[in-house]
Each structure stands twice: as C-alpha cells, then as structure tokens.
Amino acid sequence: MSEHRQIPEPGEMVYAPKPSWAPVFFALGVMGLVGGIFAAGFIFPPVVYAVVGAILVLAAFRSLTRGSIRSYYALPRRQRARGAALPIETITAPPKP
C-alpha cells in the first residue's frame with residue numbers, strides 16, 4: 001500500500017439543477033397533442049385533446065425555460081479556477097513466487 005497523500009480540493013464546483021415537474025407535464029402535453037391527432041372520436045373530439053395538450057406543452061416549456069434562466073443567473077459570477085493535481089501512483093508487477 002502507498003502512504004496516505006493529501007489531495008487538494010478541486011477548484012471548480014458542479015451545480016445540479018433543482019427538481020421540477022415540468023418535464024412530466026411536457027411529456028403529458030405532447031402525449032395529448034399526439035393523441036388529439038390520432039384519437040378520432042374517442043371520448044372527446046380530437047380537437048379537445050390537441051388543444052389541452054398544446055396548452056400543457058406551452059406552459060411546461062415556459063416553466064422549463066424560466067427555471068433554467070433563473071438557475072443560470074443564480075450561479076456565482078466568478079469561480080477560482082485551478083486544476084486539481086491527481087496523485088501519481090507507480091504500478092509494479094507482483095513478485096514471482
């Protein structure tokens with residue numbers, strides 16, 4: 001085993017986006033929009049499915065874009081950029097018996 005080495009912290013941070021229901025509603029809206037095209041005469045007229053799906057798609061897309069814009073502007077303006085030095089390990093073959 002090699003001795004314990006102190007590895008410096010990385011200089012860049014990774015920021016994960018906040019959880020959102022917008023992709024689920026976007027998928028449901030697309031499903032309603034496509035269902036409105038192919039559901040000729042199922043419970044409601046096909047136009048109803050298409051209109052509800054289009055409204056859902058537009059609202060979910062607006063929510064997605066507004067959320068991404070807000071999270072972009074919430075990021076810190078400057079980061080201290082420095083690379084993290086990876087430790088160098090030497091690999092040797094095990095001794096033969």
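Position 1 is the first residue of the sequence, and the numbers go up from there. Predicted, not measured: the structure shown is a model, and the values here were computed from it.
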Using atom types as modelled, flag every donor-acceptor pair under 3.5 Å from a side chain in residues 52-67 to any protein atom, sequence neighbours excluded.
unit_1: Thr65; atom_1: OG1; unit_2: Phe61; atom_2: O; d: 3.1
unit_1: Thr65; atom_1: OG1; unit_2: Arg62; atom_2: O; d: 3.0

Could you tell me which residues satisfy side chain to side chain contact (heavy atoms under 4.5 Å, CB included) with Phe38, sequence neighbours excluded, listed by chain and number?
-> Val34
With rounding to the nearest 0.5 Å, note down the distance linking OG in Ser20 to CZ in Phe26.
-> 12.0 Å
State which residues pass side chain to side chain contact (heavy atoms under 4.5 Å, CB included) with Val24; sequence neighbours excluded, sorted by chain then number.
-> Trp21, Leu28
